[in-house]
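Working notes, beginning with the structure itself.
Both counts, for ligands and for their atoms, begin at 1 and track the order of listing. Keep in mind it's a predicted model, so treat the numbers as computed, not measured.
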Amino acid sequence: MITKKLYINGEWTESYSGKTYDVTNPATNKVISRVAYGSAEETKSAVKAARDAFPGWAALTAKERAGYLISLYELMMKEKEDLAKLITLEMGKPIKEAMGEIDLAAEYLLWNAEEGKRIYGESIPASTPSKRIQVIKQPIGPVGAITPWNFPVSMLTRKLGPALAAGCTVVVKPASKTPSCAIRLFELSEQANFPNGVLNLVIGSSKDIGNELIENPAIKKITFTGSTSVGKRLIEGSSHQVKKVSMELGGHAPFIVFDDANLEDAAEGAVVSKYRNSGQTCICLNRLYVHKSIKKQFENILTKKVKSLKIGNGLDESTEVGPLVDEEALKKVEHQVEDALKKGATLLTGGKRSDNKGLFYEPTLLANAASDMEISYEETFGPVAPIYTFETEEEVIMAANNTEYGLAAYFYTNDLGRSIRVSEKLEYGIVGVNDPAPTVVQAPFGGVKQSGLGREGGHQGIEEYLETKFVSIKF
Ligand code: NAP
């Protein structure tokens with residue numbers, strides 16, 4: 001089996017120790033690739049390359065940088081099917097969803113290519129006639145980017161797009177479970193002729209690579225997407241050099257169905273939010289709150305929809321729910337369901353591993369959930385939805401906000417006043433009103449509370465890679 005390599009300063013390289021590791025397909029448990037396993041030394045080289053390439057890259061015009069990003073966008077669209085297939089092979093996502101991820105991922109490059117041309121400064125009236133005050137924006141410097149496996153391509157380009165457009169160079173450390181997605185993207189970046197050192201890829205020991213990115217003073221910013229626990233460690237480490245950080249962390253999304261909602265739409269929305277990516281999405285429904293008066297009716301509609309979902313290998317075009325990413329993820333889901341049933345939840349459908357070989361869990365619905373169940377406060381990351389009931393708007397807002405997380409929240413209503421009141425009171429960075437899939441490139445994505453710091457997407461996303469400088473000119 002050919003070993004896939006790291007990409008440092010425009011060269012493909014083995015790990016310095018010669019170490020490799022194997023990547024498996026969660027739908028079949030079969031080894032699909034062998035990848036170089038790097039560590040701190042390779043990261044040092046990658047950081048040096050990013051540092052050396054920075055002045056040249058930052059000095060290009062925004063239009064010139066946009067040219068590279070647009071070339072990469074076009075190559076991604078040309079390779080869409082192959083890239084999508086890699087996602088499905090490495091982490092199990094149904095191929096249709098993987099194709100959608102590539103569209104979104106490529107769009108982050110295109111949108112930021114244009115947005116880079118709109119990095120405006122300011123001119124401020126001075127306090128004396130012989131002074132001028134200018135505010136300019138400059139790229140922050142070389143960036144260390146660490147990404148997760150659940151959206152292995154779009155989480156990468158959501159960082160690369162704005163960072164590169166702003167004039168930063170980058171060292172990327174992708175998730176160990178999905179290295180080929182990153183490797184293929186870097187092969188395309190080579191075809192797009194990015195200058196050497198602008199983009200560097202290190203795969204391997206997360207702790208050693210992460211520590212080097214934090215401790216190496218040439219890295220001026222850490223941008224991370226992943227779990228809250230790892231994010232906290234990175235924030236702590238970055239504090240020693242007061243390094244800038246952007247953190248896109250975990251979530252525990254409430255999904256509220258009011259009694260005036262269109263129940264058919266709300267049930268369809270719940271299916272989209274919960275079961276896409278087998279429930280392994282940071283913004284997916286974790287707690288489903290249904291008004292007491294419509295509980296039975298809604299549960300019947302939703303149960304029917306969930307029962308009809310087709311589980312299988314993501315490469316099959318008709319698959320709607322693929323496997324979980326690994327055995328550990330499957331065990332966590334099993335444990336949460338067991339705990340909920342022990343504490344009084346009732347099973348409407350699912351509740352066990354599916355008969356397929358591989359790491360499959362049946363799409364599951366639990367009624368009569370309560371706040372003391374682990375599933376009510378721990379991120380689920382699997383195809384299980386617990387249903388709670390409520391009677392008043394105030395009560396459900398309080399329950400929805402009763403979490404350390406604050407990434408995404410959803411509610412369904414046909415009452416205009418309620419849609420404004422509730423969206424303003426939910427303590428979340430993203431709110432979907434009758435909308436289970438709000439993510440778009442032009443809007444700021446990110447969380448409050450322990451779900452993160454900073455935003456990705458929109459004009460806010462590029463700001464994360466810029467420093468503001470105030471220049472006072474006396475003449
Ligand atoms: P994770 O375990 O935190 O890993 C994320 C990345 O961090 C991976 O590349 C991982 O490397 C690396 N990592 C792990 N330990 C590290 C350390 N000590 N130092 C430096 N890097 C380290 O998260 P995950 O399981 O991949 O992803 C799922 C989590 O991501 C969920 O909590 C989800 O909610 C969150 N997420 C958030 C967003 C958002 O936008 N807010 C989007 C997607 C996912 P290895 O793979 O080598 O371990």
Side-chain angles (χ1 to χ4, degrees), residues 21 23 26 35-40 43 90-91 93 101 104-105 108 144-159 171-182 201-216 219 222-238 243 245-253 276-286 324-326 328-329 332 378-382 403-408 428-430 438-439 441 443-457 461 464:
Y21 75 105
V23 179
V35 181
Y37 190 83
S39 189
T43 313
E90 288 197 323
M91 55 75 63
K93 179 177 297 190
E101 179 177 342
L104 180 71
Y108 279 116
I146 303 176
T147 54
W149 51 265
N150 64 341
F151 287 88
V153 181
S154 60
M155 294 302 98
L156 247 177
T157 54
R158 202 164 77 175
K159 299 184 185 310
V171 177
V172 170
K173 186 248 166 277
S176 302
K177 294 185 180 93
T178 50
S180 303
C181 295
L201 178 66
V202 189
I203 300 160
S205 162
S206 55
K207 205 161 152 246
D208 294 343
I209 297 169
N211 285 346
E212 183 59 32
L213 291 175
I214 287 170
E215 286 164 17
N216 194 316
I219 291 290
I222 300 289
T223 172
F224 172 73
T225 300
S227 61
T228 296
S229 59
V230 173
K232 284 181 185 174
R233 251 177 272 157
L234 296 174
I235 294 171
E236 204 180 327
S238 301
K243 214 165 256 194
V245 293
S246 287
M247 294 282 146
E248 295 285 347
L249 308 178
H252 206 282
R276 81 182 164 112
N277 212 12
S278 298
Q280 303 169 114
T281 304
C282 55
I283 58 168
C284 73
L285 176 172
N286 272 253
L324 293 186
V325 74
D326 58 19
E328 203 187 322
K332 184 178 172 196
E378 266 182 15
E379 200 177 17
T380 303
F381 251 55
T403 165
E404 65 205 27
Y405 294 110
L407 188 56
Y428 289 83
I430 303 161
T439 309
V441 295
F445 187 106
V448 301
K449 302 203 292 197
Q450 294 190 30
S451 286
L453 293 169
R455 293 292 181 270
E456 289 189 329
E464 300 281 335

On a heavy-atom basis, the closest approach of Pro174 and Leu201 is CD-CD1, 3.6 Å

All heavy atoms of Phe445 vs all of Glu248, minimum pair found to be O-OE2, 3.0 Å

Near Met155 (heavy-atom distance under 4.0 Å), the atoms of ligand 1 are 42 (C)

> Trp149: heavy atom below 4.0 Å from ligand 1, yes or no?
Replying inline: yes

One finds that the ligand 1 atoms under 4.0 Å from a non-hydrogen atom of Gly250 are 32 (O), 34 (O)

Taking only non-hydrogen atoms of Arg233 and a 4.0 Å limit, the atoms of ligand 1 in range are 18 (N)

With a 4.0 Å cut-off on heavy atoms, is Gln280 in contact with ligand 1?
no

Atom 34 (O) of ligand 1: closest protein heavy atom, distance to 0.1 Å, is Glu379 OE2, 2.5 Å

message: Under 4.0 Å, counting heavy atoms only: does Gly452 come that close to any atom of ligand 1?
response: no

- prompt: Does the side chain of Cys284 reach to within under 4.5 Å of the side chain of Asn277, using non-hydrogen atoms?
  reply: no

A student comparing Val230, Thr225, Asn211, Thr228 should find that the heavy atom closest to atom 5 (C) of ligand 1 comes from Thr225

Closest non-hydrogen contact found for Arg455 with Glu464 is N-OE2, 3.0 Å

Original post:
Does the side chain to side chain contact (heavy atoms under 4.5 Å, CB included) test come out yes or no for Ile235 and Phe224, once each step is laid out?
Top reply: CA-CA 10 Å; Ile235 294 171; Phe224 172 73; over 6 Å; no

So NZ of Lys332 and OG1 of Thr380: to nearest 0.5 Å the spacing works out to 7.0 Å

of all protein heavy atoms, closest to atom 38 (C) of ligand 1 is Cys282 SG, 3.0 Å

Near Pro174 (heavy-atom distance under 4.0 Å), the atoms of ligand 1 are 9 (O)

- Measure the acute angle between the ring planes of Phe381 and Trp149, then classify it against the limits of 30° and 60° as parallel, tilted or perpendicular. perpendicular

Within 4.0 Å of some non-hydrogen atom of Phe381, the atoms of ligand 1 are 28 (C), 31 (C), 33 (C), 34 (O)

Nearest non-hydrogen protein atom to atom 11 (O) of ligand 1, with distance, is Lys173 NZ, 3.1 Å

Checklist entry - Are any of the side-chain heavy atoms of Pro152 and Met91 separated by less than 4.5 Å? => result yes

A student comparing Arg158, Glu456, Lys177 should find that the heavy atom closest to atom 40 (O) of ligand 1 comes from Arg158

Atom 12 (C) of ligand 1 sits nearest the protein heavy atom Ile146 CG2, 3.7 Å

Of all protein heavy atoms, the one nearest atom 27 (O) of ligand 1 is Pro148 CB, 3.5 Å

For atom 6 (C) of ligand 1, the closest protein heavy atom turns out to be Thr147 O, 3.5 Å

Donor + acceptor pair across side chains of Lys93, Gln280 (<3.5 Å):
no

A student checking ligand 1 against Asn150 at a 4.0 Å heavy-atom cut-off should list atoms 43 (C), 44 (C)

Filtering Ala408, Ser206, Gly429, Ser227 for the heavy atom nearest atom 21 (N) of ligand 1 leaves Ser206

Numbered in order shown, the ligand 1 atoms found under 4.0 Å of a heavy atom of Ser176 are 45 (P), 46 (O), 47 (O)

In ligand 1, the atoms that come under 4.0 Å of a heavy atom of Gly210 are 20 (C)

- Side-chain contact test, heavy atoms from C-beta onward, threshold under 4.5 Å: evaluate it for Leu249 versus Leu407 and give yes or no. no

Exercise for review: Could you tell me whether the side chain of Glu379 and the main chain of Gly251 form a donor-acceptor pair under 3.5 Å?
Suggested key: yes

Residue set satisfying side-chain contact (heavy atoms from CB on, under 4.5 Å) with Thr43, at least two apart, ordered chain then number -> Val47, Val202, Ile209, Glu212, Leu213

May I have the step-by-step check of side-chain hydrogen bond (donor to acceptor under 3.5 Å, both in side chains) for Thr228 and Gln450, ending in yes or no? CA-CA 7 Å; Thr228 296; Gln450 294 190 30; 5.8 Å; no

Closest heavy-atom approach to atom 35 (C) of ligand 1 among Ala182, Gly446, Gly226 is made by Gly226

Checking heavy-atom distances from atom 41 (N) of ligand 1 to each of Leu249, Ile214, Thr281, the winner is Leu249

